[in-house]
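This structure is in structure tokens; I'll ask about it shortly.
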Amino acid sequence: MTGSLLDPYTSLVERLADLLSEVTGADRLEVWRLIQPPPREEYGDLGFPLMRYARRAGVDPSRAAESVSEGLKTSGFQWVSVELAGGYLNVKIDAGVLASELAALYSKGWRPRVPGAVEPLRVVVEHTSANPIHPLHMGHARNTALGDTLARLLKARGHVVNTRFYVNDAGLQVAYLVLGLRLAGIRDLRREAEKLRLKVDELAGWVYAVTHTSIEAVEESRKVKAGEGDKARLEELAMVLAKLRESDPGGFFDKIFHGIESIESPEAAVQEIMRRYESGEEPERSEVRRAAEAVLEGFKSTLSRLGVSFDDWDWESDLLWSGAVSRILEEARRSRYHTIYKGAEAIDIPKIIKELVEPDPEARKAFKLPRTLEVPPMILVRSDGTTLYATRDVAYTLYKFKAFNADKVINVVGADQRLEQLQVRLTLLGLGYRREALNTIHYDYEIVRLPGRRMRSRRGEAVWLDDVLEEAKARALEEVRSRNPEAPREWIEETAEMVAVGAVRFALVQTSAPKPVTIDIDRILDLQENSGPYLQYTHARAAGILAKHGPIDWQAVDPEACKEGGRRSLLIKTSRLPLVAAKAADDLAPEDLATYLLKLADQFNSWYQRDSVIHEPDKGARECKALIVYHFKENLALGLNLLGIPAPERM
RNA sequence: GGGCCCGUAGCCUAGCCAGGAUAGGGCGCCGGCCUUCGGAGCCGGAGGUCCCGGGUUCAAAUCCCGGCGGGCCCGCCA
């Protein structure tokens with residue numbers, strides 16, 4: 001079963017963690033995380049701050065080092081040496097042995113893999129969850145790229161992962177779309193889009209923007225006539241409408257706009273659609289569903305380009321119709337934290353904090369509450385009795401735990417929804433769902449901005465993901481074609497698509513999640529260093545070298561030749577990938593993997609330039625170099641796959 | 001007003017959680033490398049008050065306190 005074997009480097013680190021944990025009595029995971037390459041290569045290949053831990057455990061550091069050294073020897077790691085220096089336990093690897101062992105593995109068709117977590121969990125990752133009213137924009141794309149990469153990392157780490165998309169069909173937004181479709185006379189969104197040769201979500205987005213903006217404009221203009229409106233705002237809206245009218249795909253604009261003008265209270269009409277939908281009345285029930293489903297079709301086609309799919313699609317309305325939301329409401333009413341706030345039914349969050357979080361160290365840690373933050377009560381229902389988003393989210397979070405029998409639920413949601421997410425988790429705690437509350441993670445990331453302004457998709461002001469992908473593909477196409485003039489059309493097309501996906505996905509995960517990101521299309525589409533295509537190119541280059549070299553004679557790899565500085569360094573650096581990925585999974589930090597891959601590719605590129613593989617006259621050395629290239633390519637491919645980036649053999 | 005996040009060369013970014021040696025990359029700029037495995041590359045150069053001020057420490061980009069700047073949140077919106 002070579003498929004489940006770890007590479008020797010990763011096994012070494014795992015064994016080292018066992019031994020260090022035994023010797024110091026420290027937590028194995030904590031120890032494992034701290035085993036890292038020292039700042040300088042001459043110190044060794046791996047280091048651990050043993051002094052700190054030995055002292056804490058009351059053990060003599062040099063004795064501890066000795067016992068670790070013996071432990072390694074007896075478990076088959078005779079090829080490493082251990083020394084204590086500057087408070088650190090440093091480990092030096094015999095690169096020759098590492099190379100031989102890798103050659104033996106690869107000769108049997110083995111492939112690198114991420115070491116499994118000690119405790120595999122069942123994890124739900126909910127991400128993207130865009131309103132089904134317009135195409136996915138670059139804001140959603142960051143969510144998608146982060147969420148999908150997290151799911152891939154967690155899976156690779158041995159967790160059982162379930163990805164879910166939450167369809168927000170019980171909000172006013174879809175009602176706007178439905179009203180617009182009615183006025184435009186569009187019965188079947190999908191067929192209409194087909195007829196107009198538009199993507200279905202694109203057509204929906206236009207209708208939605210026109211409807212929403214028209215309503216705003218009509219309401220504002222009525223106010224102005226009554227002498228209390230904002231004229232500047234009205235003018236701005238008129239300009240937006242003029243632009244939308246220009247992009248009218250099929251003579252719908254006037255129908256929608258005048259239709260809205262003729263309605264006494266358009267906002268009330270929208271609310272009425274929603275009210276009827278929530279209570280499951282026809283025709284709204286099928287109208288809303290059909291519209292939302294059509295838009296989701298559009299999402300799916302965009303997402304599949306990015307290699308993203310979902311295990312489950314959850315409809316907010318199903319939570320209402322199944323009674324899950326009313327059950328939560330009942331529980332809330334029976335709870336001792338039920339209260340009245342501003343005249344509405346609410347959950348007394350401050351009381352939950354005081355009674356359930358502050359005395360509970362585990363909860364305090366999980367919630368990381370600021371010292372003086374006063375989280376307001378969470379209102380459960382409107383005075384008209386309908387539920388609010390947050391209430392439904394409480395029901396949904398519980399549903400996710402139940403539906404997948406999950407140990408952990410990760411919600412990839414923008415940082416702007418921090419307070420709401422906190423309220424939801426605290427409400428769960430208050431209702432007695434402590435395990436769920438403590439194991440719900442709000443994976444927050446800073447939202448994407450356009451240069452100088454926020455995206456306002458309700459006005460049609462957003463950068464659509466489809467457009468960015470198309471533009472990326474167009475640029476890649478030009479590049480690929482000029483490099484491969486003789487290649488078949490189809491191949492060029494496929495390759496350009498891979499490059500486009502690589503460019504977009506990499507750009508969206510390389511910056512750490514809490515940093516705000518401003519969309520700069522030119523930067524995303526930059527195919528040079530520090531980019532997805534750079535990694536892909538490096539992969540293709542390694543593949544090219546191997547193709548030219550031909551099959552590797554694994555037995556002929558000369559271990560001594562692998563000890564030469566540049567080769568040794570690359571061999572060992574490459575071997576880190578599985579551990580870097582494992583750590584990125586544990587830390588929920590895809591950007592760490594992205595950063596590592598860039599550095600690794602840099603090192604490969606500068607090495608291969610100096611140390612020719614194919615022109616190496618010595619057979620043993622040549623096969624050693626081929627092994628290094630192969631090792632590099634396999635690991636890079638694994639890393640790219642975890643980021644959802646295709647790894648082309650040629651480009 | 002309160003809270004959270006961010007602040008590292010002209011621009012973008014790593015390092016910060018677990019303090020330690022010349023703060024790594026990239027874009028752009030300047031100069032080299034196509035008879036040598038793929039130039040989406042390689043080699044070299046210029047460019048830095050790590051936002052500011054205190055504090056802790058033998059040692060601070062990193063930890064603590066106080067500011068400043070930007071963003072977000074504090075809805076019977078989602």
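The figures that follow rest on heavy atoms only: side chains count, while hydrogens, waters and symmetry mates do not. Naming: A, B, ... by sequence-line order, numbering from 1 per chain.
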Rounded to the Å, how far apart are A/Asp611 CG and B/rC43 P?
14 Å

Here the residues of residues 624-634 of chain A within 4.0 Å heavy-atom distance, strictly under, of RNA chain B are none

Measure from NZ or CZ of A/Lys583 to the centre of the six-membered ring of A/Trp32 and say whether it is under 6.0 Å with the direction within 45° of the ring axis.
yes

If you only use heavy atoms from C-beta on, which nucleotide in B/rG41, B/rC74, B/rA78 is closest to the side chain of A/Leu388?
B/rA78

With a cut-off of 3.5 Å and sequence neighbours excluded, list every side-chain donor-acceptor pair involving residues 267-274 of chain A.
residue, atom, partner, partner atom, Å
A/Glu272, OE1, A/Arg275, NE, 3.3
A/Glu272, OE2, A/Arg275, NH2, 3.3

Separation of atom CZ in A/Phe367 from atom C1' in B/rG3, rounded to whole Å
17 Å

For A/Asp393 and B/rC77, what is the distance between atoms CG and C1' respectively, to the nearest whole Å?
14 Å

Does the structure show a Watson-Crick or G-U wobble partner for B/rA14, both distances under 3.5 Å? Name it, or say none.
none

Rounded to the nearest angstrom, tell me the gap between atom CD in A/Gln417 and atom P in B/rC77.
15 Å

Output one letter per nucleotide in nucleotides 10-17 of chain B: B when a protein non-hydrogen atom lies under 4.0 Å from the base, S when only the sugar-phosphate is that close, - when neither is.
-SS-SS--

Between A/Ile379 (CD1) and B/rA78 (C1'), how many Å, whole number?
15 Å

Taking a pair to mean Watson-Crick or G-U wobble geometry with both distances below 3.5 Å, B/rG47 pairs with none

Send over the distance from A/Lys368 NZ to B/rC4 C1', rounded to a whole Å.
12 Å

